[in-house]
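A short write-up of the structure that comes next.
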Number of protein chains: 2
Amino acid sequence: MLTIGTLAKKTGTKVQTIRYYEQIGLLPEPGRSSGGQRRYGDAELDRLSFVRHARQLGFSLEAIRELLDLSDHPDKSCAEADAIARRQLKQVEQRIARLEALQTELKRMVHECSGGHTADCRVLEVLRDHSECLTNHEEIGG
Amino acid sequence: MLTIGTLAKKTGTKVQTIRYYEQIGLLPEPGRSSGGQRRYGDAELDRLSFVRHARQLGFSLEAIRELLDLSDHPDKSCAEADAIARRQLKQVEQRIARLEALQTELKRMVHECSGGHTADCRVLEVLRDHSECLTNHEEIGG
DNA sequence: ATACGACCTCCAGCTACTGTAGGTTCAAGA
DNA sequence: TCTTGAACCTACAGTAGCTGGAGGTCGTAT
(Lines give C-alpha, C1' and ligand atoms only; values in the text may rest on other atoms or scores of the structure.)
Protein backbone atom coordinates (compact mmCIF):
# COMPACT_ATOMS: atom_id res chain seq x y z
CA MET A 1 0.00 0.00 0.00
CA LEU A 2 1.37 3.36 -1.08
CA THR A 3 0.75 6.76 0.42
CA ILE A 4 -0.08 9.59 -1.91
CA GLY A 5 3.41 11.01 -1.49
CA THR A 6 5.06 7.76 -2.54
CA LEU A 7 2.75 7.47 -5.52
CA ALA A 8 3.61 11.03 -6.43
CA LYS A 9 7.32 10.31 -6.36
CA LYS A 10 6.97 7.08 -8.34
CA THR A 11 5.04 8.77 -11.12
CA GLY A 12 6.65 12.19 -11.09
CA THR A 13 3.35 13.83 -10.24
CA LYS A 14 2.61 16.43 -7.59
CA VAL A 15 0.45 15.31 -4.71
CA GLN A 16 -2.12 17.99 -5.46
CA THR A 17 -2.31 16.87 -9.05
CA ILE A 18 -3.19 13.34 -7.98
CA ARG A 19 -5.97 14.68 -5.77
CA TYR A 20 -7.09 16.85 -8.67
CA TYR A 21 -7.28 13.84 -11.00
CA GLU A 22 -9.37 12.05 -8.40
CA GLN A 23 -11.63 15.07 -8.06
CA ILE A 24 -12.36 15.24 -11.78
CA GLY A 25 -12.95 11.48 -11.89
CA LEU A 26 -9.85 10.52 -13.87
CA LEU A 27 -8.64 8.36 -11.02
CA PRO A 28 -11.03 6.34 -8.84
CA GLU A 29 -11.43 7.14 -5.16
CA PRO A 30 -8.79 5.08 -3.39
CA GLY A 31 -9.07 3.25 -0.10
CA ARG A 32 -8.25 5.11 3.10
CA SER A 33 -6.26 4.38 6.21
CA SER A 34 -8.12 4.28 9.53
CA GLY A 35 -7.14 7.90 9.97
CA GLY A 36 -8.57 8.88 6.59
CA GLN A 37 -5.41 9.08 4.48
CA ARG A 38 -5.40 7.78 0.90
CA ARG A 39 -3.80 4.39 0.27
CA TYR A 40 -2.97 3.15 -3.21
CA GLY A 41 -2.25 -0.22 -4.80
CA ASP A 42 -0.57 -1.25 -8.05
CA ALA A 43 -3.66 -0.77 -10.17
CA GLU A 44 -3.75 2.89 -9.25
CA LEU A 45 -0.03 3.20 -9.90
CA ASP A 46 -0.49 1.79 -13.40
CA ARG A 47 -3.45 4.01 -14.10
CA LEU A 48 -1.68 7.15 -13.00
CA SER A 49 1.41 6.20 -15.00
CA PHE A 50 -0.80 5.83 -18.05
CA VAL A 51 -2.32 9.26 -17.45
CA ARG A 52 1.05 10.90 -16.95
CA HIS A 53 2.54 9.32 -20.00
CA ALA A 54 -0.38 10.40 -22.14
CA ARG A 55 -0.07 13.92 -20.75
CA GLN A 56 3.61 13.93 -21.65
CA LEU A 57 2.58 13.08 -25.19
CA GLY A 58 0.30 16.10 -25.14
CA PHE A 59 -3.08 14.36 -24.89
CA SER A 60 -5.78 16.44 -23.21
CA LEU A 61 -7.43 15.13 -20.06
CA GLU A 62 -10.59 14.58 -22.09
CA ALA A 63 -8.72 12.46 -24.61
CA ILE A 64 -7.09 10.57 -21.76
CA ARG A 65 -10.48 9.90 -20.26
CA GLU A 66 -11.51 8.25 -23.52
CA LEU A 67 -8.27 6.30 -23.78
CA LEU A 68 -8.66 5.02 -20.23
CA ASP A 69 -12.18 3.94 -20.99
CA LEU A 70 -10.98 2.04 -24.05
CA SER A 71 -8.20 0.51 -22.05
CA ASP A 72 -10.78 -0.69 -19.51
CA HIS A 73 -12.74 -2.51 -22.23
CA PRO A 74 -10.37 -4.88 -24.02
CA ASP A 75 -13.09 -6.10 -26.40
CA LYS A 76 -13.80 -2.74 -27.94
CA SER A 77 -12.37 -1.95 -31.32
CA CYS A 78 -8.94 -0.45 -31.44
CA ALA A 79 -10.06 2.03 -34.10
CA GLU A 80 -11.17 4.60 -31.60
CA ALA A 81 -7.88 4.70 -29.74
CA ASP A 82 -6.19 4.94 -33.08
CA ALA A 83 -8.38 7.86 -34.08
CA ILE A 84 -7.59 9.72 -30.87
CA ALA A 85 -3.88 9.23 -31.41
CA ARG A 86 -4.16 10.36 -35.03
CA ARG A 87 -6.07 13.44 -33.95
CA GLN A 88 -3.32 14.23 -31.47
CA LEU A 89 -0.65 13.68 -34.10
CA LYS A 90 -2.42 16.05 -36.45
CA GLN A 91 -2.62 18.70 -33.76
CA VAL A 92 1.06 18.33 -33.02
CA GLU A 93 1.91 18.66 -36.70
CA GLN A 94 -0.19 21.79 -36.99
CA ARG A 95 1.46 23.32 -33.98
CA ILE A 96 4.89 22.56 -35.37
CA ALA A 97 4.01 24.21 -38.67
CA ARG A 98 2.70 27.26 -36.89
CA LEU A 99 5.70 27.54 -34.60
CA GLU A 100 8.05 27.23 -37.55
CA ALA A 101 6.39 30.21 -39.18
CA LEU A 102 6.83 32.16 -35.96
CA GLN A 103 10.42 31.07 -35.75
CA THR A 104 11.12 32.44 -39.21
CA GLU A 105 9.57 35.78 -38.38
CA LEU A 106 11.27 36.09 -35.01
CA LYS A 107 14.64 35.23 -36.47
CA ARG A 108 14.23 37.89 -39.10
CA MET A 109 13.26 40.47 -36.49
CA VAL A 110 16.18 39.64 -34.27
CA HIS A 111 18.76 39.50 -37.04
CA GLU A 112 17.75 42.84 -38.44
CA CYS A 113 18.05 44.60 -35.12
CA SER A 114 21.15 46.76 -35.23
CA GLY A 115 21.25 47.72 -31.57
CA GLY A 116 20.53 51.44 -31.58
CA HIS A 117 17.64 53.18 -29.90
CA THR A 118 14.11 51.87 -29.70
CA ALA A 119 13.06 54.68 -32.04
CA ASP A 120 14.42 52.67 -34.95
CA CYS A 121 14.32 49.19 -33.52
CA ARG A 122 13.37 46.61 -36.10
CA VAL A 123 11.72 44.40 -33.53
CA LEU A 124 9.28 47.10 -32.50
CA GLU A 125 8.86 48.27 -36.08
CA VAL A 126 7.79 44.85 -37.26
CA LEU A 127 5.38 44.52 -34.39
CA ARG A 128 3.89 47.87 -35.30
CA ASP A 129 3.42 46.98 -38.94
CA HIS A 130 2.13 43.54 -39.77
CA SER A 131 2.62 44.15 -43.50
CA GLU A 132 6.35 43.71 -42.91
CA CYS A 133 5.79 40.07 -42.14
CA LEU A 134 6.45 37.36 -44.66
CA THR A 135 4.22 34.74 -43.13
CA ASN A 136 0.58 34.68 -42.24
CA HIS A 137 0.33 34.06 -38.55
CA GLU A 138 -3.28 34.77 -37.91
CA GLU A 139 -4.23 32.30 -35.27
CA ILE A 140 -3.14 33.18 -31.78
CA GLY A 141 -1.25 30.93 -29.48
CA GLY A 142 1.76 28.85 -29.97
CA MET B 1 -13.94 58.11 -33.24
CA LEU B 2 -14.46 54.38 -33.23
CA THR B 3 -16.82 52.30 -31.16
CA ILE B 4 -15.44 49.22 -29.47
CA GLY B 5 -17.18 47.02 -32.03
CA THR B 6 -15.53 48.79 -34.94
CA LEU B 7 -12.15 48.60 -33.25
CA ALA B 8 -12.75 44.91 -32.67
CA LYS B 9 -13.48 44.31 -36.34
CA LYS B 10 -10.50 46.36 -37.53
CA THR B 11 -8.08 44.44 -35.35
CA GLY B 12 -9.66 41.01 -35.42
CA THR B 13 -10.16 41.07 -31.67
CA LYS B 14 -13.26 40.19 -29.69
CA VAL B 15 -14.97 43.03 -27.89
CA GLN B 16 -14.56 41.29 -24.55
CA THR B 17 -10.86 40.87 -25.18
CA ILE B 18 -10.44 44.61 -25.70
CA ARG B 19 -12.19 45.30 -22.43
CA TYR B 20 -10.02 42.65 -20.81
CA TYR B 21 -6.85 44.31 -22.08
CA GLU B 22 -8.10 47.60 -20.66
CA GLN B 23 -8.86 45.94 -17.36
CA ILE B 24 -5.35 44.54 -16.97
CA GLY B 25 -3.85 47.87 -17.97
CA LEU B 26 -2.48 46.86 -21.35
CA LEU B 27 -4.65 49.43 -23.09
CA PRO B 28 -5.36 52.84 -21.52
CA GLU B 29 -8.87 53.78 -20.48
CA PRO B 30 -10.44 55.36 -23.55
CA GLY B 31 -12.74 58.37 -23.72
CA ARG B 32 -16.46 57.82 -23.41
CA SER B 33 -19.57 59.02 -25.18
CA SER B 34 -22.06 61.11 -23.21
CA GLY B 35 -23.92 57.88 -22.56
CA GLY B 36 -20.83 56.13 -21.23
CA GLN B 37 -19.77 54.03 -24.22
CA ARG B 38 -16.08 53.69 -25.10
CA ARG B 39 -14.75 55.76 -28.00
CA TYR B 40 -11.38 55.11 -29.59
CA GLY B 41 -8.98 57.09 -31.76
CA ASP B 42 -6.08 56.09 -34.03
CA ALA B 43 -3.56 55.86 -31.20
CA GLU B 44 -5.60 53.13 -29.56
CA LEU B 45 -6.03 51.36 -32.88
CA ASP B 46 -2.27 51.31 -33.37
CA ARG B 47 -1.65 50.12 -29.85
CA LEU B 48 -4.14 47.30 -30.08
CA SER B 49 -2.75 46.25 -33.46
CA PHE B 50 0.69 46.09 -31.89
CA VAL B 51 -0.63 43.94 -29.07
CA ARG B 52 -2.47 41.58 -31.39
CA HIS B 53 0.48 41.20 -33.67
CA ALA B 54 2.76 40.42 -30.78
CA ARG B 55 0.23 37.89 -29.49
CA GLN B 56 0.17 36.25 -32.91
CA LEU B 57 3.92 35.88 -32.63
CA GLY B 58 3.41 34.14 -29.32
CA PHE B 59 4.61 36.87 -26.94
CA SER B 60 3.06 36.72 -23.49
CA LEU B 61 1.03 39.65 -22.25
CA GLU B 62 3.81 40.39 -19.79
CA ALA B 63 6.38 40.53 -22.59
CA ILE B 64 4.02 42.73 -24.58
CA ARG B 65 3.70 45.07 -21.64
CA GLU B 66 7.48 45.50 -21.69
CA LEU B 67 7.58 45.93 -25.45
CA LEU B 68 4.88 48.59 -25.30
CA ASP B 69 6.80 50.41 -22.63
CA LEU B 70 9.92 50.36 -24.78
CA SER B 71 7.93 51.50 -27.75
CA ASP B 72 6.68 54.43 -25.68
CA HIS B 73 10.23 55.54 -24.91
CA PRO B 74 12.09 56.02 -28.19
CA ASP B 75 15.32 57.04 -26.47
CA LYS B 76 15.77 53.80 -24.58
CA SER B 77 18.22 51.26 -25.86
CA CYS B 78 16.99 48.77 -28.36
CA ALA B 79 18.83 45.99 -26.56
CA GLU B 80 15.98 45.21 -24.25
CA ALA B 81 13.45 44.75 -27.03
CA ASP B 82 16.00 42.62 -28.78
CA ALA B 83 16.45 40.48 -25.67
CA ILE B 84 12.71 39.94 -25.33
CA ALA B 85 12.46 38.84 -28.94
CA ARG B 86 15.44 36.52 -28.56
CA ARG B 87 13.89 35.00 -25.46
CA GLN B 88 10.70 34.41 -27.39
CA LEU B 89 12.62 32.88 -30.28
CA LYS B 90 14.40 30.53 -27.91
CA GLN B 91 11.09 29.45 -26.39
CA VAL B 92 9.64 28.80 -29.81
CA GLU B 93 12.66 26.74 -30.78
CA GLN B 94 12.38 24.68 -27.62
CA ARG B 95 8.72 24.04 -28.22
CA ILE B 96 9.41 22.95 -31.77
CA ALA B 97 12.06 20.51 -30.60
CA ARG B 98 9.72 19.09 -27.99
CA LEU B 99 6.82 18.77 -30.40
CA GLU B 100 9.02 17.01 -32.91
CA ALA B 101 9.88 14.38 -30.33
CA LEU B 102 6.18 13.91 -29.62
CA GLN B 103 5.49 13.71 -33.33
CA THR B 104 7.99 10.88 -33.72
CA GLU B 105 6.46 8.93 -30.88
CA LEU B 106 2.89 9.47 -31.99
CA LYS B 107 3.69 8.45 -35.56
CA ARG B 108 5.25 5.26 -34.32
CA MET B 109 2.22 4.48 -32.16
CA VAL B 110 -0.21 5.12 -34.96
CA HIS B 111 1.74 3.24 -37.61
CA GLU B 112 2.08 0.17 -35.46
CA CYS B 113 -1.62 -0.07 -34.75
CA SER B 114 -3.03 -2.96 -36.70
CA GLY B 115 -6.70 -2.30 -36.07
CA GLY B 116 -7.80 -5.20 -33.88
CA HIS B 117 -9.22 -5.04 -30.39
CA THR B 118 -8.09 -2.67 -27.69
CA ALA B 119 -6.65 -5.64 -25.82
CA ASP B 120 -3.67 -5.59 -28.13
CA CYS B 121 -3.75 -2.01 -29.32
CA ARG B 122 -0.28 -0.61 -29.73
CA VAL B 123 -1.45 2.90 -28.88
CA LEU B 124 -2.69 1.84 -25.49
CA GLU B 125 0.25 -0.47 -24.96
CA VAL B 126 2.76 2.28 -25.49
CA LEU B 127 0.87 4.55 -23.17
CA ARG B 128 0.92 1.85 -20.54
CA ASP B 129 4.63 1.28 -20.81
CA HIS B 130 6.90 4.26 -21.10
CA SER B 131 9.93 2.06 -21.64
CA GLU B 132 8.65 1.43 -25.16
CA CYS B 133 9.32 5.03 -26.04
CA LEU B 134 12.38 6.08 -27.95
CA THR B 135 12.43 9.67 -26.84
CA ASN B 136 12.54 11.31 -23.48
CA HIS B 137 9.46 13.41 -23.15
CA GLU B 138 9.53 14.29 -19.52
CA GLU B 139 8.23 17.79 -19.47
CA ILE B 140 4.51 18.09 -19.85
CA GLY B 141 2.70 20.24 -22.35
CA GLY B 142 3.13 20.76 -26.01
C1' DA C 1 -42.24 56.52 -30.39
C1' DT C 2 -40.36 52.32 -30.94
C1' DA C 3 -37.55 48.77 -32.25
C1' DC C 4 -33.24 46.59 -32.37
C1' DG C 5 -28.48 46.02 -32.36
C1' DA C 6 -24.56 47.37 -30.01
C1' DC C 7 -23.09 48.72 -25.85
C1' DC C 8 -22.50 48.53 -20.50
C1' DT C 9 -20.98 46.02 -15.84
C1' DC C 10 -20.33 42.09 -13.23
C1' DC C 11 -19.40 37.55 -12.71
C1' DA C 12 -18.62 32.55 -13.84
C1' DG C 13 -16.11 29.27 -16.53
C1' DC C 14 -12.47 27.20 -19.51
C1' DT C 15 -7.55 23.90 -19.11
C1' DA C 16 -4.61 21.77 -16.12
C1' DC C 17 -2.89 22.44 -12.61
C1' DT C 18 -0.38 24.94 -8.31
C1' DG C 19 -0.21 27.12 -3.89
C1' DT C 20 -1.80 28.38 0.68
C1' DA C 21 -4.15 28.21 5.27
C1' DG C 22 -5.34 25.80 9.02
C1' DG C 23 -5.83 21.56 10.93
C1' DT C 24 -4.91 16.05 11.54
C1' DT C 25 -2.32 11.62 11.15
C1' DC C 26 1.63 8.71 11.10
C1' DA C 27 5.98 6.80 12.28
C1' DA C 28 10.34 7.21 14.39
C1' DG C 29 13.17 8.41 18.27
C1' DA C 30 13.75 9.50 23.49
C1' DT D 1 4.47 6.21 26.34
C1' DC D 2 5.27 10.73 24.75
C1' DT D 3 6.82 13.95 21.54
C1' DT D 4 8.25 15.77 17.37
C1' DG D 5 8.04 16.77 12.61
C1' DA D 6 7.06 15.36 8.14
C1' DA D 7 3.36 14.07 5.49
C1' DC D 8 -1.27 14.04 5.15
C1' DC D 9 -6.25 16.19 5.06
C1' DT D 10 -10.00 19.72 3.17
C1' DA D 11 -11.25 23.87 1.08
C1' DC D 12 -10.44 27.56 -1.50
C1' DA D 13 -7.89 31.06 -4.34
C1' DG D 14 -4.89 31.95 -8.14
C1' DT D 15 -2.32 31.23 -12.73
C1' DA D 16 -2.81 32.74 -18.43
C1' DG D 17 -5.62 34.57 -21.62
C1' DC D 18 -9.40 34.94 -22.69
C1' DT D 19 -14.79 33.69 -23.50
C1' DG D 20 -19.63 33.65 -22.56
C1' DG D 21 -23.82 34.88 -20.17
C1' DA D 22 -27.27 37.61 -17.46
C1' DG D 23 -29.58 41.61 -17.02
C1' DG D 24 -29.78 46.23 -18.14
C1' DT D 25 -28.72 50.83 -21.05
C1' DC D 26 -27.48 53.59 -25.33
C1' DG D 27 -27.75 55.02 -30.08
C1' DT D 28 -29.89 55.48 -34.27
C1' DA D 29 -33.02 54.42 -38.03
C1' DT D 30 -37.69 54.44 -39.21
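Within every chain, numbering begins at 1; the chains are lettered A, B, ... in the order of the sequence lines, protein sequences first and strands thereafter. Treat the numbers as computed from the prediction; the structure is a model and nothing was measured.
- Within the 4.0 angstrom heavy-atom criterion, no nucleotide atom of any strand lies near A:Arg65.
- Taken residue by residue, residues 31-42 of chain B places heavy atoms nearer than 4.0 Å to DNA chain D at B:Ser33, B:Gly35, B:Gln37.
- Residues passing the side chain to side chain contact (heavy atoms under 4.5 Å, CB included) test with B:His73 are B:Asp69, B:Lys76, sequence neighbours excluded.
- Residues of residues 8-19 of chain B having a heavy atom closer than 4.0 Å to DNA chain C, listed by number: B:Arg19.
- Between the P atom of D:dA11 and the CD atom of A:Glu22 lies a distance of 12 Å, rounded to the nearest Å.
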After noting the C-alpha distance and the side-chain angles of B:Asp75 and A:Thr118, does the key distance pass the side chain to side chain contact (heavy atoms under 4.5 Å, CB included) rule?
CA-CA 6 Å; B:Asp75 293 335; A:Thr118 60; over 6 Å; no

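- Side-chain contact of A:Arg95 with A:Gln91: a donor-acceptor pair under 3.5 Å is present, judged by distance alone.
- When the ring pair (Phe, Tyr, Trp, His ring centres under 6.0 Å) test is applied to B:His117, no partner is found at least two apart in sequence or on another chain.
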What's touching nucleotides 14-16 of chain D from the protein side, N or O pairs under 3.5 Å?
none

Candidate pair B:Glu132 and B:Asp129, rule side chain to side chain contact (heavy atoms under 4.5 Å, CB included), full reasoning
CA-CA 6 Å; B:Glu132 301 214 30; B:Asp129 188 359; 3.9 Å; yes

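- To the nearest angstrom, P of D:dC18 lies 11 Å from CG of B:Leu27.
- With respect to the salt-bridge test (charged N to carboxylate O, under 4.0 angstrom), the residues B:Arg108 and B:Glu105 qualify.
- Sorted by first and then second residue, the pairs that involve residues 33-45 of chain B and meet salt bridge (charged side-chain N to carboxylate O under 4.0 Å, His left out), not counting sequence neighbours, are B:Glu22-B:Arg38.
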Applying side chain to side chain contact (heavy atoms under 4.5 Å, CB included) to A:Arg52 and A:Thr17, what does each step give before you reach the verdict?
CA-CA 10 Å; A:Arg52 282 276 103 184; A:Thr17 304; 3.7 Å; yes

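- One interatomic measurement links the two molecules: CD of A:Gln23 to P of D:dA13, which rounds to 13 Å at whole-angstrom precision.
- Separating the CD1 atom of B:Ile64 from the C1' atom of D:dG17 is a distance of 10 Å, rounded to the nearest angstrom.
- Distance, A:Leu2 CG to D:dC8 C1': 15 Å, rounded to whole Å.
- For B:Tyr21 and D:dG17, the shortest distance from a side-chain N or O to OP1 or OP2 is not below 4.0 Å.
- Salt bridge status for B:Arg122 with B:Glu125: present, with a side-chain N to carboxylate O gap under 4.0 Å.
- Heavy-atom minimum distance, A:Leu127 versus A:Met109: CG-CE, 4.1 Å.
- Electrostatic pairing of B:Asp72 and B:Arg47 counts as a salt bridge here, judged by a charged N lying under 4.0 Å from a carboxylate O.
- Taking atom CD on A:Glu29 and atom P on D:dC9, their separation rounds to 12 Å, with Å as the unit.
- Counting any heavy atom pair closer than 4.0 Å across all strands shown, B:Ile24 reaches no nucleic acid atom.
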